Amino acid sequence: MAKLKKAAQGFEAVFARQMISSMRTASLGDGIMDSSATEQFRDMSDGKLAEAMAGKGSLGIADMLVKQWGARVAGPAGAATATTNGPATSK
């Protein structure tokens, strides 16, 4: 379940980074200090921001993914445990 949560947070971070990137491209124009170097550092900063947002669950995407997929991931293992721990029946 911890691997699922980590993967879900990773997905949320990718989603947030794409969203931030889209917002950046929708800007009104170039600034006076814009260059390829500032763009590179801005991209790195956006990546860290997206990871921080995903770590805190700001968008809630990771929680929804864990809720949706948690039962499916734990389902077969839980079902196997229930059948092996149940009462023994003889034919």
Side-chain angles (χ1 to χ4, degrees):
M1 197 67 144
K3 288 183 180 181
L4 175 63
K5 183 154 180 74
K6 186 175 180 180
Q9 285 178 337
F11 178 81
E12 185 171 346
V14 169
F15 182 84
R17 186 173 182 148
Q18 290 294 322
M19 185 177 65
I20 292 168
S21 176
S22 293
M23 289 188 299
R24 291 254 187 233
T25 59
S27 68
L28 297 175
D30 294 337
I32 194 166
M33 300 295 285
D34 285 348
S35 69
S36 62
T38 56
E39 184 177 332
Q40 182 179 10
F41 285 111
R42 189 176 299 132
D43 288 343
M44 291 188 320
S45 175
D46 290 347
K48 287 294 183 183
L49 174 63
E51 289 174 13
M53 288 173 65
K56 291 181 179 180
S58 298
L59 300 175
I61 295 172
D63 293 336
M64 288 189 295
L65 288 172
V66 168
K67 187 176 180 179
Q68 180 178 357
W69 290 95
R72 293 179 185 179
V73 171
T81 304
T83 57
T84 57
N85 290 338
T89 58
S90 59
K91 291 183 179 183

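Residue numbers run from 1 in the order of the sequence given. Remember, it's a predicted structure, so these values are computed and weren't measured experimentally.
Residue Ile20 holds its CD1 atom at 12.0 Å from OG1 of Thr25, rounded to the nearest 0.5 Å. Here Lys48 contributes atom NZ and Arg17 contributes atom CZ; the two are 10.0 Å apart, rounded to the nearest 0.5 Å.
Of all heavy-atom pairs spanning Glu12 and Ile61, the tightest one is OE1-N, 3.5 Å. Nearest approach of Ala13 to Ala50, heavy atoms of both residues: O-CB, 3.4 Å.
A continuous path of hydrophobic side-chain contacts links Trp69 to Phe15 [ILVMFWY only; heavy atoms under 4.5 Å]. No chain of hydrophobic side-chain contacts below 4.5 Å, direct or via other Ile, Leu, Val, Met, Phe, Trp or Tyr residues, connects Phe41 to Leu49.
Within the 4.5 Å cutoff, side-chain heavy atoms of Lys5 are placed close to those of Asp63. Residues Met1 and Leu4 are in side-chain contact: their nearest non-hydrogen atoms beyond the backbone lie under 4.5 Å apart.
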